[in-house]
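One structure is given below, encoded as structure tokens.
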There are 2 protein chains.
Amino acid sequence: MTDQELTRQLKVSIQTIRLDRMELGIPELRERMKLMAERSYDQVKSLPLDEVIGDVVDLQLDKSGISIFEIREEHIFSRTQIARGHHIFAQANSLAVAVINDAIALTASADIRFVRSVHLGEKCIAKAYVQSNPARKGKAKVEVLTYVGEEMVFQGNFTIYRSDGEEQHEGGVDHDNRH
Amino acid sequence: MTDQELTRQLKVSIQTIRLDRMELGIPELRERMKLMAERSYDQVKSLPLDEVIGDVVDLQLDKSGISIFEIREEHIFSRTQIARGHHIFAQANSLAVAVINDAIALTASADIRFVRSVHLGEKCIAKAYVQSNPARKGKAKVEVLTYVGEEMVFQGNFTIYRSDGEEQHEGGVDHDNRH
């Protein structure tokens, strides 16, 4: 539970919650999830962990993954305070790449929908599911659903080009050029 | 023409080209295009110009737009030196929003293809075309094609929610939730 949820449930101030947490040596939710996750999840293989946009809190290679990304000042449109689409996309896309159990993974294409606007301070929880058989090399299909609380805010179907990195990959991911 | 193209054509070093340009008071291609564009193109209405990813060099509201975005160190995967998809997407998406002649424009959905990988130092030229009738309010269809030289590297079809900003827009851009 977040500190916010605890204040509502226990009807005390957020300061009380935070002081009690500190006294008991309990880190905040985000840190707790990270700590838990670090013990149990697979290592990202397709890119360095710090190149994943958002904090990876669960990862089962070639199966599924979860990341958390908080919308801050630098992610919003100044006029509307709404999160810019490419940040929501970046979280989902980098998670879709991170779940691939290969040394090289590149996005070939994607169908995406921004279901509702995301606002400053909201925490986006992206969940990626590998749809295709990992034994089938070449391309993987990954679905990513992003939530704020229980509300879905983004949905994307990604096709990821995958390779074990032994063959040299130059240029085209998809050669259907349309000049 | 770029300095590179001039060195090839005139068979002299890039230093010679640059020195001659400086002597004659001719700025580099990018600056020349910007200067030209500043004189002739429409003003972005749907967001502040500095929130557009890339340099807008042409804009005809509700018709078309062109932007240039150079791939730098901060845009690439460290391992492969290939540009990360979300930066290519961000250029295209923000241009698709910038061509809309309304105070508020938000991306509802997109179908995108990364046609070939883009590398460090390459200049991406995105061209956006509004496909739908601007008189039809509510949603606009915008196609964006991104090129490096004459090669297409990205293709996207965006659906942009548009509004003149008078009605209050809260929450859902598209209510087809799939929980």
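Predicted model only: the values in this text are computed from it and were never measured. What you see below is based on every heavy atom in this structure, not just the backbone, and it leaves out hydrogens, waters and symmetry mates.
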Practice item. Quick one: closest heavy-atom pair of R113(A) and S109(B), and the distance? Key: CG-CB, 3.7 Å
Check your understanding: Do M152(A) and L95(A) belong together in a cluster built from hydrophobic side chains that touch within less than 4.5 Å?
Key -> no
Review point. Going by heavy atoms in the side chains, are F77(A) and L47(B) under 4.5 Å from each other?
Key: yes
Check your understanding: Is I17(A) linked to M22(A) within one hydrophobic cluster, defined over Ile, Leu, Val, Met, Phe, Trp and Tyr using a side-chain heavy-atom separation of less than 4.5 Å?
Key -> no
Point to revise | Shared hydrophobic cluster, L120(A) / V118(A) (ILVMFWY, side-chain heavy atoms < 4.5 Å) | key: yes
Revision key, fill the gap. Here the gap from L106(B) atom CG to I82(A) atom CD1, rounded to the nearest 0.5 Å, amounts to 4.5 Å
Review point. Taking the side chain as C-beta and beyond, is there a heavy-atom pair between R84(A) and E51(B) under 4.5 Å?
Key: yes
**Study point:** Distance in Å, H86(A) NE2 paired with I53(B) CD1, rounded so as to fall on 0.5 Å steps
**Key:** 4.0 Å
Point to revise | Within 6.0 Å of CD in Q9(A), more than 12 heavy atoms from elsewhere | key: no
Exercise for review: Under 4.5 Å heavy-atom distance to chain B, tell me which part of N93(A) shows up: side chain, backbone, both or neither.
Suggested key: side chain
Point to revise | Interatomic spacing from CG in D111(A) to CD1 in I112(B) - rounded to 0.5 Å | key: 8.5 Å
**Study point:** Between A90(A), G85(A), A92(A), S94(A), the one whose heavy-atom pairs under 4.5 Å with chain B are most numerous
**Key:** A90(A)
**Study point:** Residue E74(B) excluded, over 12 heavy atoms near CD under 6.0 Å
**Key:** yes
**Study point:** Same apolar cluster: I26(A) and V57(A), side chain cutoff 4.5 Å
**Key:** no
